[in-house]
*Asks:* 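Below are the structure tokens for one structure; questions will follow.
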Amino acid sequence: MTIAVFEHEAALAAALARRVADAITDNPRLVLGLPTGRTPIAFYNELRHVSQQQAVDWSRVHTFNLDEFVGLSERDEHSYRRFMDRHLFAHVNVSRSHIHFLDGTARDPVRECEAYERAIDEIGGIDLQVLGIGANGHIGFNEPGDGLAARTHRVTLLDQSRADNAWWFGGDRQQVPAEALSMGMATILKSRAIVLMATGPAKADAVAAMIDGPLTTRVPASFLQLHPNVTAMLDEEAASPE
Ligand code: PGA
């Protein structure tokens, strides 16, 4: 795993935005895996800025987001789909038909997850997967526990994940749906390249366990040690465990 530590969150966000913009310039048909959350907001702000400044052409790019809440439609203001519209999709010339998202209102979630997995394979796989990390070590919504799901699946969120997402629901954790659909561990690990971003002291223990700890389902991110092309982009606080 390559570790890159930045003095400030802004420098991290700018470096990652440049990496993604350059990847699109090098390969206009880039297949990009994308996260939601508080951490990537600064990155998306930079990515919009760089895309406009460098006239990056998103028209042939495909995007796949990691996860979505069960029960929320793409029109719901609290869906991750809406988060992405607000922070990125509305500001770049990505084609609507190239935006791939798990449908939290699918009548048959198992089929929805299978179709998502198939769509990733049919397009030739994800070239560059951007990830955040939960304070509990999750990636996507692959929650710590006795086991991990390999493929895209329906998951019950842990209390900590619901609390950590309350900010997106007006601060009320009760409003955070109890379940989500998420890419699985193997879905993430079959991406050609992975960049994980983490900022702030709350992530430091999870980051340390991801980099140096044993592979354990208690820290799903530790499985990134198996992948040959992972970069962890950290600010100084996330890079400094207690
Ligand atoms: P955060 O979420 O950026 O809101 O901390 C990261 C994650 O849970 O993957």
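Computed from a predicted model, the values in this text were never measured in an experiment.
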*Asks:* Is it true that Glu68 and Arg81 make a salt bridge, defined as a side-chain N closer than 4.0 Å to a carboxylate O?
*Replies:* no
*Asks:* Identify whether Leu102 and Leu34 are in the same connected component of the hydrophobic contact network (ILVMFWY, side-chain heavy atoms under 4.5 Å).
*Replies:* no
*Asks:* With side chains defined as the heavy atoms from C-beta onward, is the minimum distance between Phe6 and Thr199 less than 4.5 Å?
*Replies:* no
*Asks:* Tell me, please, which residues at least two apart from Ser51 pass side chain to side chain contact (heavy atoms under 4.5 Å, CB included).
*Replies:* Leu47, Val56, Trp58, Val92
*Asks:* His78 and Leu72: which non-hydrogen atoms are nearest, and at how many Å?
*Replies:* O-CD1, 3.4 Å
*Asks:* If the test is ring pair (Phe, Tyr, Trp, His ring centres under 6.0 Å), which one of Tyr80, Trp168, Phe101, Phe83 qualifies with Phe69?
*Replies:* Tyr80
*Asks:* Under the 3.5 angstrom rule, does the side chain of Arg48 hit a backbone N or O of His87 as a donor-acceptor pair?
*Replies:* yes
*Asks:* Aromatic contact between Tyr116 and Phe64, with the criterion being ring centroids under 6.0 Å apart: yes or no?
*Replies:* yes
*Asks:* Check the side chains of Gln54 and Thr25 for a donor-acceptor pair under 3.5 angstrom, ignoring hydrogens and angles.
*Replies:* no
*Asks:* Does the side chain of Thr63 reach to within under 4.5 Å of the side chain of Met84, using non-hydrogen atoms?
*Replies:* no
*Asks:* Does any part of the side chain of Glu236, heavy atoms only, come nearer than 4.5 Å to the side chain of Val5, both counted from C-beta?
*Replies:* yes
*Asks:* Salt bridge or not for Asp159 and Arg173, using N-O below 4.0 Å?
*Replies:* no
*Asks:* Find out whether His91 and Gln52 are in side-chain contact, i.e. whether some heavy atom of one side chain is under 4.5 Å from a heavy atom of the other.
*Replies:* yes
*Asks:* Please round to the nearest 0.5 Å and tell me the distance separating atom CG of Asp57 and atom CD1 of Ile24.
*Replies:* 9.0 Å
*Asks:* Within this structure, what is the CD1-CD1 distance for the pair Ile188 and Ile120, rounded to the nearest 0.5 Å?
*Replies:* 9.5 Å
*Asks:* Could you check whether any side-chain heavy atom of Glu143 comes within less than 4.5 Å of a side-chain heavy atom of Pro220, counting everything from C-beta outward?
*Replies:* no
*Asks:* Any salt bridge linking Glu117 with Lys190? Criterion: basic side-chain nitrogen under 4.0 Å from a carboxylate oxygen.
*Replies:* yes
*Asks:* So how far is it from Leu224 CG to Ile133 CD1, rounded to the nearest 0.5 Å?
*Replies:* 7.5 Å
*Asks:* Does any part of the side chain of Thr231, heavy atoms only, come nearer than 4.5 Å to the side chain of Arg19, both counted from C-beta?
*Replies:* yes
*Asks:* Given Phe43, which partner from the list Leu12, Val130, Leu88, Val195 fulfils the side chain to side chain contact (heavy atoms under 4.5 Å, CB included) test?
*Replies:* Val130
*Asks:* Could you check whether any side-chain N or O of Asn142 sits under 3.5 Å from a backbone N or O of Met183, counting only pairs where one atom can act as donor and the other as acceptor?
*Replies:* yes
*Asks:* Say you draw a straight line from CG of Asn165 to CD of Gln160; how long is it, rounded to the nearest 0.5 Å?
*Replies:* 11.0 Å
*Asks:* In the structure I gave you, are the side-chain heavy atoms of Pro241 and Asp205 within less than 4.5 Å of one another anywhere?
*Replies:* yes
*Asks:* Should the pair Asp85-Arg75 be classified as a salt bridge under the 4.0 Å nitrogen-to-oxygen rule?
*Replies:* no
